[in-house]
Asker: 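Could you have a look at this structure, given as structure tokens, before my questions?
Residues: numbered from 1 along the sequence shown.
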Amino acid sequence: MLSTSDNQNQSKDNKSNSSVPKENGFNTHLVKVENLETTFYLNSGPFRAVNNISYSIDKGKTLGIVGESGCGKSVTSFSLMRLIEKPGKITNGKFTLGGKSILDLPEKEMEDVRGGEMAMIFQEPMTALNPVLTIGYQIDEQVLRHKKVSPKEAKERSIEMLKLVGIPSPESRYLNYPHQLSGGMRQRAMIAMALSCDPQFLIADEPTTALDVTIQAQILELIQTLQSQFHMSVQFITHDLGVISEVSDDVLVMYGGQMCEQTTTTELFLNPRHPYTAALIDSRPKLGQRPSRLKTIEGSVPAPHELPAGCPFVNRCPRAKSECSHQKPPMKSVGLNHTVACFNPL
């Protein structure tokens, strides 16, 4: 993986800036999320795991969502997929995919969208895949659900997808159970399943977290290649800024279930404005430097029910003011395509 400093220098030369592209006079937002809120109702009281999140993703582009564990990244994505179960509930917001309002769909119609028009690569394929069904059966099942094909055609499609994601001897692997594959192979099989029905929108929820560095690089390259081939919009979730710098056009930084900063990937690394973002970047090791200790962010992420009334980062922020403790900072513009939720930005 590349270090942050290398990623800054490369500055994603092959990526365009985040100005809204136009096609025939219309903007090309494929994904649009507005004021999304997801609340969990526990015995100790309700708390918002996702609080007023808004963003958009253009066709063929990648949005990286980054933050520490517990900041709401995965809950945001599960909300979009309508996979939030009790005691959780989507309590506000709107999500449109290609102009279609997803959160308002009846569950039967949502079943047609989930796995078809939008798909998700889960963080740990060993738990996401059914251990008692073969890889081929599980991909076939999705193809048959969303495509008007025969069982024979579904099998051909499944083997084709296994080959496409770089699994050797796909005809043999088609008959394997998840435990018979390595971690990297299982992740490739999960990607094959996610892309088997040509989705417009792919959510990748930390797809490389459990993999070694070499396999990580292969999976990242595979996702980018398939994105280009299928011209998908991608939402890539991770806590690793090095990964974000390689795959994303734009970045959303989250903390405590809320938005901290949103801008292009290049701008984020060159000019971070939120203290939390800057601290995340500073905490990464850099090539050519041998510090005695890595920089850390003092303190820890508060539990959702212990979040302060104001800025969620206030108790760990070296730039906090009195107003930060009792007022939530709104997202405000600090430059072209660059917004920050901070009363005292860098």
Asker: Please round to the nearest 0.5 Å and tell me the distance separating atom OG1 of T76 and atom OH of Y55.
Answerer: 6.0 Å

Asker: For the pair Y276 and H274, name the ring-plane relationship: parallel under 30°, tilted 30 to 60°, perpendicular over 60°.
Answerer: perpendicular

Asker: Side chains of Q123 and S74: is there a donor and an acceptor less than 3.5 Å apart?
Answerer: no

Asker: Is there a side-chain contact (heavy atoms from CB on, under 4.5 Å) between R273 and H338 once you walk through the steps?
Answerer: CA-CA 9 Å; R273 300 297 304 276; H338 196 165; 3.4 Å; yes

Asker: Tell me the closest heavy-atom pair linking E111 and R145, and the distance in Å.
Answerer: CB-NH2, 3.5 Å

Asker: For the residue pair H179 and M126, establish whether any side-chain heavy-atom pair is separated by less than 4.5 Å.
Answerer: yes

Asker: When hydrophobic residues are tied together by side-chain contacts of less than 4.5 Å, even through go-betweens, does V340 share a cluster with I65?
Answerer: no

Asker: What verdict does the salt bridge (charged side-chain N to carboxylate O under 4.0 Å, His left out) test give for K73 and D205, after you've listed the backbone C-alpha separation in whole Å, the side-chain angles of each residue and the deciding distance to 0.1 Å?
Answerer: CA-CA 8 Å; K73 306 184 302 295; D205 186 5; over 6 Å; no

Asker: Rounded to the nearest 0.5 Å, what separates atom CD in E246 from atom CD1 in I223?
Answerer: 11.5 Å

Asker: Got more than 12 heavy atoms from elsewhere within 6.0 Å of CD, E160?
Answerer: yes

Asker: Just wondering, do V253 and Q262 contact through their side chains at under 4.5 Å, heavy atoms?
Answerer: no

Asker: Around atom CZ of F47, are there more than 12 heavy atoms of other residues, nucleotides or ligands at under 6.0 Å?
Answerer: yes

Asker: If you count every heavy atom of other residues, nucleotides or ligands that lies below 6.0 Å from K332 atom NZ, does the total exceed 12?
Answerer: yes

Asker: Tell me if a side-chain donor or acceptor on S248 pairs with a main-chain N or O of S245 at a distance below 3.5 Å.
Answerer: no

Asker: Is the closest side-chain donor-acceptor distance between E206 and T238 under 3.5 Å?
Answerer: no

Asker: Is the closest side-chain donor-acceptor distance between D140 and S158 under 3.5 Å?
Answerer: yes

Asker: Kindly determine whether E171 and K163 satisfy salt bridge (charged side-chain N to carboxylate O under 4.0 Å, His left out), including the steps that lead there.
Answerer: CA-CA 9 Å; E171 295 84 359; K163 182 178 180 180; over 6 Å; no

